[in-house]
Amino acid sequence: MAQPVQEHRRRRRRRLDRPALVALLLGLAGFGYRLVLTLFTVPVSNSDEATFGLAALHIAQGREHPVFLYGQRYMGMLESYLAAPLIALSGPNWPVLRVPMLVLYAVFLYLIHRLMRRICSPWFATFVIGLLALGPERVVRDQLTVVGGRPEAKAAVLLMLLIAVGLAGGTIRRRRPAVGLFGLLAGLALWSDWLIVPYLAVVGLLLVYAVRRDLLGWAGALLVVGFAVGVAPMIWDNLVAPPGQDSLSVFREISTREGPSPPWSQRLEGGLLEGVPLASGLCPIGGCAPSQQWFGAIYPLLLVGSAAFALIAYRRTAGAPLAARIRWVTHLALVAGAVLTLLAYVRSPLSATDPLGYARYLSVLQLSLPAVLWPLWLAAEACWRGTVGALGRLTGAVATGVLAGLAAAGLVVTVLFAATGLGASRDEERQARELAATLRADGPREVYAGYWICNRLVFNTDEEVICGVLDDNLMPGQNRYLPYWRQLGRADRPGYVVEAGSAADRHLRGLLGDRVETTPVRDVGRYRVYHPETPLRPWR
């Protein structure tokens, strides 16, 4: 028995080669860094995330089974369902709410490492893990906060890519169930977040290329069934939705809101020079300095170069087995996904009018980052090995500079965030929890407040304090969960929470008039709590 055991141990040692070991250490560092951020609720919580948390609480209690985010009929609630069992055990708690996101980040790293080892090289896969382990605020906010869709959708796309590559290479034995799983993942991703549609389209074409003959039989039927099961919640909700409230109508209304249409030059500037570097982790969340926009400026060139490189490599493998050609088709699919995502983003006026606020929509470009950088890696590798001429060495030196600059820029911004951003985030979180504790202990338990105060306050108090949303003019705002608003409408003496010195604060004092001197007022951090004897509801 000694010889088989020794062979088994040797096989296990071979699996964890040096690139894999370094990748594991880098991945653990990235995971540990995000675990610390999660425990300290960094980045700070907000009312959007609180809405997902409240949905998880309602799911855990059996009160609600939402398909879409409250008040928004196109953002799926898969993240709330993932968090619901944990919330059921702990109650409302920000770190617990974010645990599924932390797990999804680990899954994302594992899957992208496996994929890059399959279609690129072991050391390049390690380099990719090193880049993705870095985490300035814009990047970790998309990865750790529960605001819908992107973490689970990215993991689903990577698993779909691995399924397609495995089917083409013959490494997956149970082909039909694998195709069915592919369909299920596609349906779940589509329900969860529509931003992933460009990648679903190109990965679907990759599957057709890999197993087109199989799709004519039972595998094709399982693909359709799996997709139908995954997307079933969205289909059902749209079937029972009132006229004009289906997902397509709501999404079309949001996408075609009236207003000035920025020129394409501004859209491209916002999408490329701001959006791409922010989504890639090269800039602080406050925006990109001109010196930090270089990656966005060369990104279209990198996309074109990567696509050309993959096409040339694909043509050189003409006549080779499908397993040899699928890697280049996968590269093309990833490049195409990035191009379609960018085009969809710059079509929106928001890419020009608010590039900082909406750069999060480009976080899915992380899926294509390895495909974009792979030709640079090969050029740098050939240069350092000395297997190319003078022009090749020059190209390799430039490629090395780009890769090193990318890693260095991401590291610097990550260190700056860790050194300067954590304190401010924790201070803001402390004030929000102090407000919740004060109202929970001394009241009022029914209050009106601004959007970014309300649902966060309700979640922090486990719904012991109920809040209705008002805008700066003290008129009804975006109330995502209408039962709270209706309860406030019946309250005899609601309170009002505003930020001290804000427009809402000034407007409220104006409405109180002479009564402002006799109205009970408390300052809690940067918040001010009014509790007048009679309610102020100017919209009535």
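Taking the charged nitrogens against the carboxylate oxygens, Arg98 and Glu49 do have a contact shorter than 4.0 Å, which makes a salt bridge. Taking 4.0 Å as the cut-off between side-chain N and carboxylate O, Asp193 and Lys154 do not count as a salt-bridged pair.
Using a 4.5 Å heavy-atom threshold, the side chains of Trp328 and Ile119 count as separate. Trp191 has its side chain out of reach of Asp237: every pair of non-hydrogen atoms, C-beta onward, lies at least 4.5 Å apart. Within the 4.5 Å cutoff, no side-chain heavy atoms of Phe52 are placed close to those of Leu97. Within the 4.5 Å cutoff, no side-chain heavy atoms of Arg150 are placed close to those of Ser192. Using a 4.5 Å cut-off on side-chain heavy atoms (C-beta onward), Leu222 and Phe182 make no contact. Annotation: side chain of Val165 is not in contact with side chain of Arg327 (no heavy-atom distance under 4.5 Å).
Panel note: side chain Arg141, backbone Val42; no donor-acceptor pair is recorded below 3.5 Å. Using a distance-only test at 3.5 Å, with no hydrogens or angles considered, no donor-acceptor pair links the side chain of Ser306 to the main chain of Leu302. Proximity of a side-chain donor or acceptor of Asn238 to a complementary backbone N or O of Met234 within less than 3.5 Å is detected.
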*Given the rule in the side chain to side chain donor-acceptor pair (under 3.5 Å) test, do Tyr199 and Ser368 qualify, once you have shown the distances and angles that lead to the verdict?*
CA-CA 10 Å; Tyr199 282 94; Ser368 298; 2.6 Å; yes

*Step by step, would you call Tyr358 with Tyr361 a ring-ring contact (aromatic ring centres under 6.0 Å, His included)?*
CA-CA 6 Å; Tyr358 290 89; Tyr361 291 159; 5.4 Å; yes

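Arg456 and Ser47 are not linked by any side-chain donor-acceptor pair at a separation below 3.5 angstrom, with hydrogens and angles left out of the test. With hydrogens and angles left out, the side-chain atoms of Thr38 and Trp94 include no donor and acceptor closer than 3.5 Å.
Within 6.0 Å of CZ on Arg315 lie no more than 12 heavy atoms contributed by other residues, nucleotides or ligands. Within a 6.0 Å sphere centred on OH of Tyr110, heavy atoms belonging to other residues, nucleotides or ligands number 12 at most.
The minimum heavy-atom distance linking Leu200 with Met160 is given by the pair CD2-CE, 3.9 Å.
Remark: Arg212 is positioned above the aromatic ring of Tyr209, its terminal NZ or CZ atom under 6.0 angstrom from the ring centre and at most 45 degrees off the axis.
Taking the six-membered ring where the residue is Trp, the centroids of Tyr481 and His58 are separated by under 6.0 Å.
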